[in-house]
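Quick one: structure below, then a few questions.
Chain letters run A, B, ... following the sequence lines, proteins first, then strands; residues in each count from 1.
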Amino acid sequence: MATERYNPRDAEPRWQQKWNEAKVFETDNDDPREKYYVLEMFPYPSGRIHMGHVRNYAMGDVVARYKRARGYNVLHPMGWDAFGMPAENAAMERGVHPASWTYQNIASMKSQLKAMGLSLDWSREFATCDVAYYQHQQRLFLDFLEKGLVYRKQSKVNWDPVDNTVLANEQVIDGRGWRSGALVEQRELIQWFFKITDFSQDLLEALDTLDQWPEKVRLMQKNWIGRSEGMMLRWEIVEATAPAGETEIEVYTTRPDTLFGASFLAIAADHPLAKDAAATNPAIDAFCEECRRAGTSLAALETAEKKGIDTGIRVKHPLDPSWELPVYIANFVLMDYGTGAIFGCPSGDQRDLDFARKYGLPVVPVVMPADGDAATFSIGDVAYDGDGIMINSRFLDGKTTGEAFEIVADRLSSMTLGNAPQGERKVNFRLRDWGISRQRYWGCPIPVIHCDDCGVVPVPKKDLPVQLPEDVTFDQPGNPLDRHLTWRHVACPQCGKDARRETDTMDTFVDSSWYFTRFTAPWEDKPTDLSAANRWLPVDQYIGGIEHAILHLLYSRFFTRAMRETGHVDAKEPFKGLFTQGMVVHETYSRGSGMSREWVAPADIRIEELDGKRRAYHLSDGEEVAIGSIEKMSKSKKNVVDPDDIIASYGADTARFFVLSDSPPERDVIWSEAGVEGAHRFTQRLWRLIAEASGNLRDVLSNPAKDGDAKAISQFAHKALKAVQNDYDRLWFNKAVARIYELVNALASPLTKVAAGEGDQAYRAAVRDAAEILIQLVAPMTPHLAEECWAALGNGGLLAHTNWPVYDDTLVIENDVILPVQINGKKRAELTISRDADQNAVTEAVLALDDVMKALNGQTPKKIIVVPQRIVNIVV
RNA sequence: GCGAGCGUGGCGAAACUGGUAGACGCAAGGGACUUAAAAUCCCUCGACUUCGGUCAUACGGGUUCGAUCCCCGUCGCUCGCACCA
């Protein structure tokens, strides 16, 4: 029987339409079955999807389809992370309004995603720039404000004086604005902050409960939160050297044990005492200025030399009032960590040591390694910052660093300076509060009003939403909201006088910090429907890129806690399972070198292989092109492959199948033409085998064989089913692919026999059973092809509605096992024996094997190790 | 500098809890079918070999009856953080 080639261009839209008509993927919140929430990080609507999206969404779709077949009520929604700078840049460059640019992009990306055949519930779709979404975000903001989770404070920002805007740190390149090229200034602006630090300890501790997250991400978050245990320590200023009104300096330290090694105090250039000193001393002022400038731009590049200047201030050592130490301003002390002041212990800290050597300050070793010798231990150019035994530390000598920490902490806590304890134990975090103010148009307006009399007044909830005005211009730099003629003018909600709206909008990370919660009831007229949110959260499986390991995931964890405190959800953690997938990478091609180097797109070249050497030639002129390294797909290197082209020529199933095969999902996958063709051959092969046999299988009822020639077929299929099921449960897509290939290889000959009219009824029933298992196994990856095959076998109804098959235990367990037989750890023979044979029987049978007798050559075994159902090892 | 991870054929990779190293795919080579090509099907495919075997999982040691897997050291690559007191 001649069979037509499988034509994805015909089949894929056809099945997509059927799924659509049957609303297979629309999820009912009231469905009583066990829930499963699978989500991929929603995309920014840049205009086109790329291969990274294809891989990300293919993975999520496999999980969604698999869990659906397993009987779960699956929620698998999609939306758009739609606010942000690119829309405003488009407005500036091309005069398009950000809204129309964004919604057009959404429309085209949506049609691309639809062409992939993803099993998404599109009825829940929204974009974060929809008023219907961001009005609820404003409501959440106001609730957080009431709870004290939002506040304003002055803080330093990167200010671009040409564009009149604040720049994120990533937008500052070599001290200049990435767009304007202007030298970036540090400005103090009043900004809105979320109090994420209220949850520092909880965010840290709860990481331990996230056992379905990659260890790596948890570690990154742990380091980011940066908990340290130490103490606050107050140093009395020697009166004669004190600036007016100042009596003490407070420092934070994690090493109170090294207190006798102190030789100076150092404060940040922005420390209040530094400012006092600068006011009266031009040299100090100049030094502080220099620190500030270096801090903004090149600090990260140079491993900046430790520099400082003596303030003239002297302090008394807390444990010896007769001991006076100098106070320096130092460039390596940060104002926004701890108290902006440290005590320097040169022997125990490399920075302090470098500093001390430069300014001739004493270096007293106070800790030596446990196996050191107190008489000879000294410090050269390298500080010793490890644990050990105290020396040169009076009453601490001989104690361990841990003991010394406790003794000093206890003693200082019980001492007083003025009317407060000299020191107290203190846990400190690196994590800072989250600044959310952006001086931009295309973001969620912060719903507050500034009144000269009443101060900062929240917009009353009944007045929400605060909607972005549409009539804005982008012909001048700065925030269009600021110069809008009417929008910002508003009556104060409290006193009714003329007042001004806040013109800052929110960081777009706010938008993505709760969208997964909104998906649970996007129609609700409050931010959440509490029962729906509680039902669905946490997300069972979240899938996305590792680049969001810290910010997005940490902000979302904070947001969920804040929403919990304000009664919008009961869950504490948003994502139960997290998976970070690798990138799609591709070879690069280029010609020319240096400045005239030209990158060539994969679509414009042809590869030839001669004597094992691959060479690339340009399609247009036949000129040879150099094959470069394999890199992340990027426009600048032109090594991009457009998903649209792939779907048009091979179909969505091939693209999906390929990005899931080959590499483990957490690792990068190399996109190659040959690989895609291999995947495509597979789809054609599967179709051909099923289609050719379908005529003789249509009228047969599936039934696995328990004996006869067909038994092996049924065993193979049911074992594959068990294995692939396990692979899907663990997101081992590449292994599932390999096993599916094996199953197709094993079924090729039986299917061909059936196609030729061979095989009795029982044989055909077993083949049909195996074929159906195969189709179900590939369905999550290549759903259109699977539906087509399913229908070809004469099945009515959609495969997407069909339950996952159940493997037959008796077919999966072998009665006989093949044991490898080793002699001295090297394999010499094989033994086939009954699964439940006891040790003695195995030993006896092994020694009777020809190969074993030959290898032993008369020697008596010293020992025979039998690992049941595994292996036998004979030691001679 | 600190932290984490990785290193297996020509290539992407498998190998369960320490138990037959290289499944599966790609590339390559040979053959069948064809007037021919494509497609398809079959075979070979780590290295060396005196065809008995021997050596092979970055390198050097160790533990073990047995190590890709565990331990110690070295080298290389990737990622994250980087004055955090």
Side-chain angles (χ1 to χ4, degrees), chain A residues 5 214-220 222-224 226-228 230 233 251-255 258 266 268 295 299-300 303-304 306 330-334 336-345 348-352 354-355 385 428-432 546-547 549-550 607 609 611-614 630 658 661-664 666-670 672-679 681-682 684-685 688 723 726 732 734-745 748-749 752 818-830 854-855 861-867 869-876:
Chain A
R5 280 172 69 78
E215 193 53 48
K216 182 184 168 132
V217 174
R218 290 197 282 173
L219 188 69
M220 282 164 76
K222 189 179 164 211
N223 292 339
W224 186 264
R227 183 182 198 273
S228 65
L233 186 49
V251 306
Y252 177 72
T253 179
T254 56
R255 295 297 299 273
T258 64
T303 6
K306 308 285 171 276
N331 64 348
F332 63 92
V333 179
L334 307 172
D336 45 11
Y337 186 78
T339 61
I342 62 159
F343 80 77
C345 172
D349 184 292
Q350 194 59 45
R351 293 158 302 174
D352 297 347
D354 295 346
F355 192 82
D385 60 4
N428 211 18
F429 293 92
R430 204 190 79 114
L431 183 67
R432 323 253 173 85
I546 186 77
E547 66 274 17
I550 297 176
I607 301 260
E609 183 154 345
D611 300 332
K613 274 223 159 189
R614 294 172 69 246
I630 294 169
F658 177 68
S661 56
D662 267 345
S663 289
E666 68 280 5
R667 231 182 276 177
D668 292 349
V669 66
I670 301 171
S672 73
E673 276 304 304
V676 177
E677 274 164 22
R681 269 201 298 277
F682 166 82
Q684 291 296 345
R685 182 171 190 227
R688 189 169 6 88
N726 181 49
W732 290 345
N734 59 319
K735 294 185 201 177
V737 167
R739 283 190 231 279
I740 286 167
Y741 269 114
E742 282 177 324
L743 181 55
V744 174
N745 290 343
S749 136
T752 309
I818 300 170
L819 292 180
V821 179
Q822 295 181 332
I823 293 173
N824 286 339
K826 295 225 157 100
K827 189 197 161 192
R828 297 295 173 191
E830 264 179 5
K854 215 163 97 192
K862 268 191 205 151
K863 197 172 169 188
I864 298 177
I865 293 145
V866 178
V867 184
Q869 289 163 48
R870 281 274 182 204
I871 204 164
V872 180
N873 193 10
I874 303 171
V875 187
V876 188

* To do: Would you mind reading off the distance between A:Ile871 atom CD1 and B:rG66 atom P, rounded to a whole angstrom?
  =>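 Spelled out: CD1 on A:Ile871 to P on B:rG66 is 12 Å.
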
* Out of B:rU54, B:rA23, B:rA4, which has the shortest distance to the side chain of A:Leu219? -> B:rA4

* Asked: Does a nitrogen or oxygen in the side chain of A:Asn745 sit under 4.0 Å from OP1 or OP2 of B:rA23?
  -> no

* Please check if atom CD1 in A:Ile630 has more than 12 non-hydrogen atoms from other residues, nucleotides or ligands closer than 6.0 Å. =>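 Enclosed: over 12 neighbouring heavy atoms sit under 6.0 Å from CD1 of A:Ile630.
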
* Before giving the answer on side-chain hydrogen bond (donor to acceptor under 3.5 Å, both in side chains), spell out for A:Arg685 and A:Asn745 the whole-Å C-alpha distance, their side-chain angles and the decisive distance to 0.1 Å. => CA-CA 10 Å; A:Arg685 182 171 190 227; A:Asn745 290 343; 2.7 Å; yes

* Sugar-phosphate only, base, or nothing, as touched by A:Val867 at under 4.0 Å among non-hydrogen atoms -> base

* **Pairwise C1' distance, B:rG10 and B:rG53 [rounded to whole Å]** => 26 Å

* A:Lys216 has a side chain; which of B:rC84, B:rC79, B:rU20 sits nearest to it? ->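 Of the candidates, B:rC79 comes closest.
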
* Structure fact -> By the Watson-Crick or G-U definition, both distances under 3.5 Å, B:rU40 is matched with B:rA32

* To do: Measure from the side chain of A:Ala674, starting at C-beta and using heavy atoms only, and say which of B:rC24, B:rC26, B:rA85 lies closest.
  =>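 Selected nucleotide: B:rC26.
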
* Interatomic distance, A:Glu666 atom CD to A:Lys216 atom NZ [nearest 0.5 angstrom] ->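 It comes to 11.0 Å.
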
* To do: Specify the separation, in whole Å, of atom NZ of A:Lys306 and atom P of B:rG1.
  =>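 Nearest whole value for this atom pair: 15 Å.
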
* For nucleotides B:rG9 and B:rU57, find the distance between their P atoms and express it as a whole number of Å. =>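 Each nucleotide's P atom is 10 Å from the other's.
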
* Asked: Does any nucleotide pair with B:rC81 by Watson-Crick or G-U wobble geometry, both distances under 3.5 Å, and what is it?
  ->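 For B:rC81, the partner nucleotide comes out as B:rG1, under the 3.5 Å rule.
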
* Check the chi torsion on B:rG9 and let me know: syn if it falls within 90° of 0, anti if not. =>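 Syn, since the glycosidic angle lies within 90° of 0.
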
* Structure fact -> A:Arg351 CZ to B:rA85 P, in whole Å, measures 7 Å

* Structure fact -> Separation between CD1 (A:Ile607) and CD (A:Glu673), nearest 0.5 Å, reads 9.0 Å

* Asked: For the side chain of A:Glu830, counting heavy atoms from C-beta on, which of B:rU20, B:rA23, B:rA85 is nearest?
  ->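 So the nucleotide nearest the side chain must be B:rU20.
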
* Can you tell me, in whole Å, how much space there is between the P of B:rG19 and that of B:rC70? =>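 The same atom, P, in both gives a distance of 11 Å.
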
Polar atom pairs between nucleotides 10-16 of chain B and protein, under 3.5 Å, N or O only, would you list them?
{"from": "B:rG12", "atom 1": "O2'", "to": "A:Ser663", "atom 2": "OG", "distance (Å)": "3.0"}
{"from": "B:rA13", "atom 1": "OP1", "to": "A:Arg667", "atom 2": "NH1", "distance (Å)": "3.4"}
{"from": "B:rA14", "atom 1": "OP1", "to": "A:Asn734", "atom 2": "ND2", "distance (Å)": "3.3"}
{"from": "B:rA15", "atom 1": "OP1", "to": "A:Lys735", "atom 2": "NZ", "distance (Å)": "2.5"}

* Look only at the side chain of A:Tyr252 and the backbone of A:Gly230, and say whether a donor-acceptor pair between them is shorter than 3.5 Å. => yes

* Say you pick atom P in B:rC69 and the same atom in B:rG7; how far apart are they, in whole Å? ->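 Looking at atom P only, B:rC69 and B:rG7 are 11 Å apart.
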
* Asked: Atom CZ of A:Phe658 and atom C1' of B:rC26: how far apart are they, to the nearest Å?
  ->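 That distance rounds to 9 Å.
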
* Counting Watson-Crick and G-U wobble pairs only, both distances under 3.5 Å, name the nucleotide matched with B:rU63, or none. => none

* Using atom types as modelled and distance alone, determine if a side-chain donor or acceptor of A:Ser663 lies under 3.5 Å from a backbone N or O of A:Asp668. => yes

* Between A:Ile546 and A:Asn223, just flag the one whose closest nucleotide in RNA chain B comes earlier from the 5' side. =>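 By nearest-heavy-atom nucleotide position, the 5'-most residue is A:Asn223.
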
* **Paired nucleotide for B:rC69 [Watson-Crick or G-U wobble; both distances under 3.5 Å]** => none

* Asked: Does any nucleotide pair with B:rG22 by Watson-Crick or G-U wobble geometry, both distances under 3.5 Å, and what is it?
  -> none

* So which one's nearest nucleotide on RNA chain B is more toward 5', A:Gly678 or A:Asn873? ->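 Going by which nucleotide is closer to the 5' end, it is A:Gly678.
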
* Between B:rU49 and B:rC55 - P atom distance, rounded Å ->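 Looking at atom P only, B:rC55 and B:rU49 are 15 Å apart.
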
Atom pairs under 3.5 Å: protein N/O with N/O of nucleotides 38-45 of chain B:
{"from": "B:rC41", "atom 1": "OP1", "to": "A:Arg685", "atom 2": "NE", "distance (Å)": "3.0"}

* Structure fact -> note: A:Tyr337, atom OH; B:rC81, atom P; distance rounded to Å ~ 17 Å

* To do: Find the distance A:Met220:CE to B:rG5:P and express it as a whole number of Å.
  =>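 Nearest whole value for this atom pair: 14 Å.
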
* Side-chain (A:Arg430) to main-chain (A:Trp224) donor-acceptor, under 3.5 angstrom ->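 Flag set: sc A:Arg430 to bb A:Trp224 pair under 3.5 Å.
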
* Structure fact -> Given the 90°-from-0 boundary between syn and anti, B:rG52 should be labelled syn

* Structure fact -> Side-chain atoms of A:Tyr741 come closest, of B:rA23, B:rC65, B:rG25, to B:rG25

* To do: Could you state the atom-to-atom distance from CD1 of A:Ile630 to P of B:rU78 in whole Å?
  => 14 Å

* Both distances under 3.5 Å, Watson-Crick or G-U wobble: report the partner of B:rC75, or none. => B:rG7

* Atom CG in A:Leu233, atom CZ in A:Phe343: separation rounded to 0.5 Å? -> 7.0 Å

* **Mate of B:rG52 where both pairing distances stay under 3.5 Å, Watson-Crick or G-U** =>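 Pairing partner, where one exists within any strand: none, as none qualifies.
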
* To do: Take atom P in B:rC48 and the same atom in B:rC11, then report the distance between them in whole Å.
  => 15 Å

* **Interatomic distance where CG belongs to A:Asn824 and P belongs to B:rC65 [whole Å]** =>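 After rounding, the reported distance stands at 12 Å.
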
* Asked: From A:Leu334 CG over to A:Thr339 OG1, what is the distance, rounded to the nearest 0.5 angstrom?
  ->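 Rounded to the nearest 0.5 Å, the CG-OG1 separation comes to 11.0 Å.
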
* Taking only side-chain nitrogens and oxygens of A:Arg430, does any of them come within less than 4.0 Å of OP1 or OP2 of B:rA82? -> yes

* Looking only at non-hydrogen atoms, find the nearest pair between A:Val875 and A:Ile865 and report the distance. =>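 That closest heavy-atom pairing would be CG2-CD1, 4.2 Å.
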
* Interatomic spacing from CZ in A:Arg828 to CD1 in A:Ile874 - rounded to 0.5 Å ->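 If I round to the nearest 0.5 Å, the distance is 11.0 Å.
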
* **Gap in Å between the two C1' atoms, one belonging to B:rU8 and one to B:rC59, rounded** =>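 Straight-line distance between the two C1' atoms is 14 Å.
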
* Separation of the C1' atoms in B:rA47 and B:rG66, to the nearest angstrom ->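 Pairwise C1' distance, B:rA47 against B:rG66, rounds to 24 Å.
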
* To do: Mark yes or no for whether A:Asp352, through its side chain, and A:Cys345, through its backbone, hold a donor-acceptor pair below 3.5 Å.
  => yes

* Per A:Arg432 side chain, nearest of listed nucleotides B:rG3, B:rU20, B:rC84 ->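 So the nucleotide nearest the side chain must be B:rC84.
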
* Tell me what A:Glu742 touches on the nucleic acid: a base, only sugar-phosphate, or nothing, going by heavy atoms under 4.0 Å. => sugar-phosphate

* Asked: A:Ser228 near the nucleic acid: base, sugar-phosphate alone, or nothing, with a heavy-atom cut-off under 4.0 Å?
  -> sugar-phosphate

* To do: Give a yes or no on whether a salt bridge exists between A:Glu742 and A:Arg739, defined as a side-chain N under 4.0 angstrom from a carboxylate O.
  =>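 Not counted as a salt bridge, because no side-chain N and carboxylate O are separated by less than 4.0 Å.
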
* Asked: Which base sits across from B:rC16 as a Watson-Crick or G-U pair, both distances under 3.5 Å?
  -> none

